[in-house]
Amino acid sequence: MKILLAVDGSPYTKKMLAYLAAHDELLGNGARHAYTVITVQATLPPRARAALSKEMVDGYYAEEAAKVLDPVAKFMAQHGATPATVAAIGSAGEEIAKYAEQGQFDLIVMGARGHSPLSKLVMGSVSTKVLASCSTPVLLIR
């Protein structure tokens with residue numbers, strides 16, 4: 001099974017990882033899944049990008065992605081899994097959905113904040129965008 005883990009370094013990512021570790025069928029000795037961990041960085045505002053060199057912008061994105069991906073990869077390795085890691089730039093919900101569809105993943109696992117329906121309507125959420133934008137099943141951990 002190909003599983004895409006969407007992470008952002010928040011407490012919801014930690015809850016999602018704890019859930020995986022507690023369920024041997026997902027992340028345990030008997031589980032034989034191919035994992036990919038994806039994080040998405042918001043695009044820098046145009047003025048900020050214009051004021052910085054391409055190397056500085058690329059370095060910023062790489063550094064921010066590493067802050068999120070490295071601890072997750074280390075956690076997964078401690079549980080016997082070696083995930084591929086992906087860093088994307090853009091709208092998190094759209095990028096996660098696009099990557100899941102292109103990679104033909106069997107499952108997306110991600111943490112969810114648990115906004116009320118009214119706040120989702122007003123603010124939107126990454127999980128709502130992922131659910132609306134792709135046909136891959138999504139396991140939300142709250």
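Numbers for residues simply follow the sequence, beginning at 1.
- For the side-chain contact (heavy atoms from CB on, under 4.5 Å) with F105, the qualifying choice from I38, L5, T36, I3 is T36, the only one to do so.
- Across all non-hydrogen atoms, the minimal contact from V68 to V72 is O-CG2, 3.4 Å.
- Of all the heavy atoms in S133 and A97, the pair that sits closest is CB-CB, 3.5 Å.
- In this structure the side chain of S125 never reaches within 4.5 angstrom of the side chain of V130, judged on heavy atoms.
- A continuous path of ILVMFWY side-chain contacts below 4.5 Å connects L107 to L27, so both sit in one hydrophobic cluster.
- A distance of 7.5 Å separates CG in L17 from CE in M76, rounded to the nearest 0.5 Å.
- Nearest heavy-atom pair, A81 versus P83, reported as atom, atom and distance to 0.1 Å: O-CD, 3.4 Å.
- Across all non-hydrogen atoms, the minimal contact from V40 to I89 is CG1-C, 4.2 Å.
- With respect to D70 and K74, no salt bridge is recorded, no charged nitrogen being found less than 4.0 Å from a carboxylate O.
- Across all non-hydrogen atoms, the minimal contact from G90 to T43 is CA-OG1, 3.6 Å.
- Applying the 6.0 Å contact sphere to NZ of K2 captures more than 12 heavy atoms from other residues, nucleotides or ligands.
- Within the 3.5 Å criterion, the main-chain N or O of A112 finds no donor-acceptor partner in the side chain of R142.
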